[in-house]
Amino acid sequence: MSSKFAAPKGVSEYLPPRSVIFDYICRGLRIPALAAGYELIELPIFEDTELFTRGVGTSTDVVSKEMYTFEDRAGRSLTLRPEGTASVIRAVIEHGLDRGALPVKLFYQGPFFRAERPQAGRYRQFYQFGIEAIGSDDPYLDAEVISIAYHGYRKLGLKDFELQITSLGDSESRFTHRRDLDSLISRLDLDEETSQRAQKNPLRLFDDKREEIRIAMSSAPLLLDYLSKESRENFDQVKAALDSLQIPYRVNPKMVRGLDYYTGTTFEFVHKGLGAQSAIGGGGRYDGLMEVLGGSKLSGIGFGLGIDRILLALEAEAKSGQSLPGELRYVDLYVIGLGDKARSKCFTLVDSLRKEGFVVEQNFGNRAIKGAMKAADKSGARFTIVLGDRELQSESVGLKEMSTGAVTSVRLDALAKVLAEKSSGLKKI
RNA sequence: GUGGGCGUAGCUCAGCUGGUAGAGCACCCGGUUGUGGUCCGGGAUGUCGCGGGUUCAAUCCCCGUCGCUCACCCCA
């Protein structure tokens, strides 16, 4: 019970059979990205701390209190990556990827780290799948990026989620809006902590869950009403493009994104079955980020999808009737050898069957057949092959179809052919 | 950082107003000398999170502590 070691607080671990679903999610999400010509980028897990303080912004909670920062032996300050976009942009600039065809289209996946208090769907080590498209401000690109996330979720079989979108407009739009919003907030009677938060980013108050704040904010000016003509037209084009793909969305002018680099189109996917941390993914456009990080003045857009939360969402939907997608485990054949000679024969037989592409497990430990059959049953194998002294004599095997229990004797030299005949239903890998 | 809930078998949990522990599932063995699932019989496993206090006696009450969990803040 009280084992000496436990995983560090708040990290997500995935063991079988859940790990199979985790893998299924990772593979599923990248399909729409690959279909749109995005390419994999593998990034470091830690980066120069300054990349995040400058890229994500010191006013964000992520940077100000949630980073795992440490010094290496040469005294450099490094930080476990709390998000992916800054790293992608850094790599694009460092390697001059933006000097080729634009937009640069990349996807990534892996662990991220934030030193927060863990709760349902929020971990200190969590996993994201993300894409970034850099070097175009075409509203169709906004819609494409959103559609890739949307189709990813659908590919996995997710249903009970909502896409929310809004636009943060250009800097003039935000400037005039903020002036009006600040003047409203300054008239509110806020506690110290809240007013400090409001100073950093007044939009955050739209997200506050306290009743009195929500009432006070209900009359607050909405950024969406302050968009310049150009920004508004751009947002309308994004919406029209989504409409043309029949991707449902809800415009949520009070949506708040946590990272300060967002401009223009921003969006979030929210799942109903999740509890307090309901966002299963989100993203948006970032006009100034490339420049802030020392690159050229290119606009980009991307998203990050929370794999941990998608897994929770799939489980939540499974609970309410849907079955979990995909086969959790698949085995074609289970091979049992009885006795030393037969086991030696089986060991090579298993190897050759795998080379033919079958998923094959074998029995270990020279168990009695009863226990071995039990293990075969548990493996989920569709067929079990039994080979003992009798079969060795006749150069055959016993082939048992597990669903019916029928056993047939098959000559060894005909085994591959017989299995091939039966394998119309077998899933070779 | 703040607040609530919970720590009993590998897992999920029960344990009435204090008398040193149980169920289901899983696991192992047998009923079936070479054939799984169902059924029947048998079996192993716990420092009752840790430390202290009250008491003749604490899994149960009190205090502390650690851990988990949910929520706030914030976010994927």
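Keep in mind that the numbers below use all heavy atoms, side chains included, and drop hydrogens, waters and symmetry copies. Given the structure is predicted, the values throughout are model-derived calculations rather than measurements.
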- [ ] Tell me whether the centres of the aromatic rings in A/Tyr249 and A/Phe267 are closer together than 6.0 Å.
- [x] no
Task: Under 4.0 angstrom between A/Arg122 side-chain N/O and B/A71 OP1 or OP2 - done: no
- [ ] Report yes if a side-chain nitrogen or oxygen of A/Lys374 is closer than 4.0 Å to either non-bridging phosphate oxygen (OP1 or OP2) of B/U35; otherwise report no.
- [x]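 No, A/Lys374 has no side-chain N/O under 4.0 Å of OP1/OP2 on B/U35.
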Using purine N1 to pyrimidine N3 plus N6-O4 or O6-N4 for Watson-Crick, or N1-O2 and O6-N3 for G-U wobble, each under 3.5 Å, what pairs with [N]?
N	answer
B/G64	B/C50
B/C11	B/G24
B/A57	none
B/G37	none
B/C74	none

- [ ] Identify whether a stacking contact exists between A/Phe112 and B/A76, where the ring centres must be under 5.5 Å apart and the planes under 30° apart.
- [x]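 According to the criterion (under 5.5 Å, under 30°), no, A/Phe112 does not stack.
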Using the [atom1] atom on both, measure [N] against [M] and round to a whole Å.
N	M	atom1	result
B/C48	B/G7	P	14 Å
B/A76	B/A23	P	49 Å
B/A26	B/U12	C1'	11 Å
B/C27	B/G15	C1'	24 Å

Task: Sequence-distant partners of A/Arg343, salt bridge (Lys or Arg N to Asp or Glu O under 4.0 Å), two or more places apart - done: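 With neighbours one apart ignored, the set is empty.
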- [ ] Report yes if the side chains of A/Thr263 and A/Arg174 come closer than 4.5 Å at any heavy-atom pair, otherwise no.
- [x] yes
Task: Toward the 5' end of RNA chain B, by each residue's nearest nucleotide, A/Thr404 or A/Tyr127 - done: A/Thr404
Is there, by distance only and without an angle test, a donor paired with an acceptor across the side chain of [X] and the base of [N] below 3.5 Å?
X	N	result
A/Arg367	B/C28	no
A/Lys9	B/G67	no
A/Glu116	B/G1	no
A/Gln119	B/C73	yes

Task: Distance-only donor-acceptor check, side chains A/Asp180 and A/Ser183, under 3.5 Å - done: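 Checked: A/Asp180/A/Ser183 side chains show no N/O donor-acceptor pair below 3.5 Å.
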Open item on the list: Just by distance, no angles: are the side chains of A/Asp308 and A/Tyr14 close enough, under 3.5 Å, to form a donor-acceptor pair?
Closed with: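 Yes, A/Tyr14 and A/Asp308 have a side-chain donor paired with an acceptor closer than 3.5 Å.
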- [ ] Taking only the side-chain heavy atoms of A/Asp61 (C-beta and beyond), determine which of B/C73, B/C28, B/U2 contains the nearest atom.
- [x] B/C73
